[in-house]
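These notes are about the structure you will find just below.
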Amino acid sequence: MQLFACPFCGLRSETEFHFAGDAGNDRPQGFDAVTAERWSDYLHNRNNPRGPSNEIWIHLTCSEAFRMERDTTHHGVLMSRELTREDHE
């Protein structure tokens, strides 16, 4: 079992969390202007980096979303923090 640090509740079991996507994978805006290729790219293509990766997670117990930096080579959590305005721009 792995422990994740919720910025609001502290260390908790990984089973209490849900992966919400890569940070910075912004949803395309404007329904009519989005091509099928752009929408498919948003839904299916990921960077999948080796090493540090910035992700959005949701703690299901408190229902808060937060940003986590996790190393994909050893699954270690490097940092977790609450979302800021800059994360939404």
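These figures come from a predicted structure and were not determined experimentally. By convention here, the first residue in the shown sequence is residue 1.
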Discussion item. Working note: Met68 + Val77, criterion side chain to side chain contact (heavy atoms under 4.5 Å, CB included); need CA distance, chi angles, decisive distance, verdict.
Written reply: CA-CA 7 Å; Met68 182 189 305; Val77 175; 3.7 Å; yes
Item to complete: Apply the test salt bridge (charged side-chain N to carboxylate O under 4.0 Å, His left out) to residues Arg67 and Glu55: give CA-CA distance (whole Å), side-chain angles for both, the deciding distance (0.1 Å), then the verdict.
Response: CA-CA 6 Å; Arg67 190 172 188 140; Glu55 304 165 335; over 6 Å; no
Worksheet item: Could you walk me through whether Ile56 and Leu83 pass the side chain to side chain contact (heavy atoms under 4.5 Å, CB included) check?
Response: CA-CA 9 Å; Ile56 304 297; Leu83 294 176; 3.5 Å; yes
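Trp39 has its side chain within reach of Arg27: a pair of non-hydrogen atoms, C-beta onward, lies under 4.5 Å apart. Taking 4.5 Å as the limit, some side-chain heavy atom of Arg70 sits within range of a side-chain heavy atom of His75. The shortest side-chain heavy-atom distance between Cys9 and Thr61 does not fall under the 4.5 Å cut-off.
With rounding to the nearest 0.5 angstrom, the CZ atom of Phe8 is 11.0 Å from the NE2 atom of His59. A distance of 12.0 Å separates NE2 in His18 from OG in Ser63, rounded to the nearest 0.5 Å. For the atom pair CD of Gln2 and OG1 of Thr15, the computed distance is 11.5 Å after rounding to the nearest 0.5 Å. Summarising the geometry, atom CD belonging to Glu16 is positioned 14.0 Å from atom CD1 belonging to Ile58; distances are rounded to the nearest 0.5 Å. Rounded to the nearest 0.5 Å, atoms SG (Cys6) and CZ (Arg81) are 14.0 Å apart. The distance from atom CZ of Arg38 to atom CG of Leu43, rounded to the nearest 0.5 Å, is 9.5 Å.
Between Phe4 and Trp57, the ring planes are perpendicular. Angles over 60° get that label, and only those under 30° would be called parallel.
Phe17 is not connected to Leu60 by any chain of hydrophobic side-chain contacts under 4.5 Å among Ile, Leu, Val, Met, Phe, Trp and Tyr, and they are in different clusters.
Residues Thr73 and Arg50 come closest through the heavy atom pair CG2-CG, 3.3 Å. Heavy-atom minimum distance, Thr72 versus Ser53: CG2-CB, 3.8 Å. Nearest approach of Phe66 to Ala5, heavy atoms of both residues: CE1-O, 3.8 Å.
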